[in-house]
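Each remark here refers to the structure printed beneath this line.
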Amino acid sequence: MVLDERLSLHTIENPAVGARSYLVGDLEAVAAVDPPRAVEPIVELATRLGVRIMHVVDTHVHEDHLSGGAALARALGVPYLVPGGAPVKVAGVEVVGIDDGEWIEVGTMALVALATPGHASHHLAFAVHDGTGPEAVLTGGALSFGTVGRVDLEEGDLHLAEAARAQLRSARRLAAVLPGSAAVLPGHVPPSFVLVDSGAAVAASTLDEEKRRNPVFTA
């Protein structure tokens with residue numbers, strides 16, 4: 001999928017666990033976002049497309065998210081970018097903590113980190129900028145199609161009631177700071193046990209569409 005002449009997006013489906021991974025970037029360089037545990041499909045897709053994976057990025061790291069991020073970064077010799085508060089320590093990999101507001105350059109485009117705690121206390125979403133403005137947002141578990149991620153999957157940092165309030169604020173932050181036309185690119189998709197409910201049976205969505213149907217905006 002090409003969002004415009006500069007920015008391309010490719011989705012790797014993992015229906016067994018209701019997850020999606022992405023290659024996003026320009027026509028030469030990409031970032032691998034929320035890669036699956038088995039990294040071969042990501043590597044094969046990048047090779048087939050003739051693009052170079054510059055960064056491996058995880059929106060969050062906890063028990064529900066079966067990430068191959070560290071393994072992919074190690075295999076490619078590229079940085080592994082994780083939220084600054086994520087408890088990640090892996091040997092043989094350059095782990096880079098990312099904080100709210102940071103820009104990650106990927107070829108001619110960029111990912112911009114947005115703190116979206118709730119599903120995980122350290123969770124980040126990433127707005128996808130093509131140089132003129134946000135075209136999409138990689139939402140991880142902060143927002144999905146007609147639903148959001150559960151908040152009871154992480155030990156410790158946030159009390160459940162506080163985490164639920166944080167999740168609500170995070171989803172609404174995305175809708176407030178990004179254009180309604182921005183494509184929603186979740187890491188968890190319905191039906192998935194890590195989402196609050198069954199969500200919407202759709203394959204794609206925008207922030208405007210979520211504001212019309214998602215209970216975090218309509219309730």
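- Ion pairing between a basic and an acidic side chain is recognised when a charged N comes within 4.0 Å of a carboxylate O; E28 and R52 show no such pairing.
- Across every non-hydrogen atom of P190 and A200, the tightest pair is CG-O, 3.8 Å.
- Salt bridge annotation for D100-R173: present, with a cationic side-chain nitrogen under 4.0 angstrom from a carboxylate oxygen.
- Q167 places no side-chain N or O within donor-acceptor distance of the main-chain N or O of V151, the cut-off being under 3.5 Å.
- Residues V30 and V24 are not in side-chain contact: their nearest non-hydrogen atoms beyond the backbone lie 4.5 Å or more apart.
- Although no hydrogens or angles enter the test, the distance criterion places no donor-acceptor pair under 3.5 Å between the side chain of H122 and the main chain of G84.
- Between F126 atom CZ and T116 atom OG1 the span is 8.5 Å, to the nearest 0.5 Å.
- Side-chain contact check for L23 versus I42: some heavy-atom pair is nearer than 4.5 Å.
- Using a distance-only test at 3.5 Å, with no hydrogens or angles considered, a donor-acceptor pair links the side chain of D34 to the main chain of T59.
- No hydrogens or angles considered: nothing links the side chains of T206 and D208 as a donor-acceptor pair under 3.5 Å.
- Under the 4.5 Å side-chain heavy-atom criterion for Ile, Leu, Val, Met, Phe, Trp and Tyr, V216 and L114 are members of the same hydrophobic cluster.
- The shortest non-hydrogen separation linking A142 to A171 is O-CB, 4.0 Å.
- In this structure, L174 and T139 have side chains that are in contact, with non-hydrogen atoms separated by less than 4.5 Å.
- A donor-acceptor pair under 3.5 Å links the side-chain atoms of S170 to the main chain of P117, judged by distance alone.
- More than 12 non-hydrogen atoms from other residues, nucleotides or ligands lie less than 6.0 angstrom from CD of E13.
- Side-chain contact between H55 and V106: present, with at least one pair of heavy atoms (C-beta onward) separated by less than 4.5 Å.
- Remark: the backbone N or O of P83 is not paired with any side-chain donor or acceptor of H60 at under 3.5 angstrom.
- Contact detail for V189 and A19: the closest heavy-atom pair is CG2-N, 4.2 Å.
- Residue L207 holds its CG atom at 9.5 Å from CD of E209, rounded to the nearest 0.5 Å.
- Between the CG atom in L72 and the CD1 atom in I53 there is a gap of 5.0 Å [rounded to 0.5 Å].
- Considering only heavy atoms from C-beta on, L49 comes within 4.5 Å of L45 through its side chain.
- At least one side-chain heavy atom of S21 sits less than 4.5 Å from a side-chain heavy atom of P36.
- A donor-acceptor pair is defined here as one N or O able to donate and one able to accept, closer than 3.5 Å; no such pair exists between the side chain of D130 and the backbone of M109.
- When hydrophobic clusters are built by joining Ile, Leu, Val, Met, Phe, Trp and Tyr residues whose side-chain heavy atoms come closer than 4.5 Å, directly or via intermediates, F145 is not grouped with V194.
- Under the 4.5 Å side-chain criterion, counting only non-hydrogen atoms from C-beta, V90 is in contact with V95.
- Of all heavy-atom pairs between S67 and G69, the closest is OG-N, 2.8 Å.
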Please report the C-alpha distance between Y80 and V88 in whole Å, then the side-chain angles of each, then the deciding distance to 0.1 Å, and finally whether the side chain to side chain contact (heavy atoms under 4.5 Å, CB included) criterion is met. CA-CA 10 Å; Y80 179 32; V88 177; 3.9 Å; yes
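- Inspection of the D26 and T108 side chains reveals an N or O donor paired with an N or O acceptor under 3.5 Å.
- Both L124 and V33 sit in one connected hydrophobic cluster of ILVMFWY residues. Membership requires side-chain heavy atoms under 4.5 Å apart, directly or through other members.
- When hydrophobic clusters are built by joining Ile, Leu, Val, Met, Phe, Trp and Tyr residues whose side-chain heavy atoms come closer than 4.5 Å, directly or via intermediates, L138 is not grouped with V148.
- The structure places OG1 of T218 at 13.0 Å from NZ of K211, a figure rounded to the nearest 0.5 Å.
- Under the 30°/60° scheme for interplanar angles, the aromatic rings of H188 and H119 are found to stand perpendicular.
- We find the CG-CD distance between L185 and E135 to be 11.0 Å, quoted to the nearest 0.5 Å.
- With hydrogens and angles disregarded, a donor-acceptor distance shorter than 3.5 Å links the side chain of H159 to the backbone of A161.
- Put simply, the side chain of R74 gets close to the backbone of A91: a donor and an acceptor are under 3.5 Å apart.
- Taken together through direct or relayed side-chain contacts under 4.5 Å among Ile, Leu, Val, Met, Phe, Trp and Tyr, L111 and Y22 form part of one hydrophobic cluster.
- P215 approaches G146 most closely through the heavy-atom pair CD-O, 3.4 Å.
- There is a side-chain donor-acceptor pair under 3.5 Å between S205 and R213.
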Can V56 and V78 be said to form a side chain to side chain contact (heavy atoms under 4.5 Å, CB included), step by step? CA-CA 7 Å; V56 175; V78 301; 3.8 Å; yes
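- The side-chain heavy atoms of N14 and R37, taken from C-beta on, include no pair separated by under 4.5 Å.
- Here F217 contributes atom CZ and L168 contributes atom CG; the two are 8.5 Å apart, rounded to the nearest 0.5 Å.
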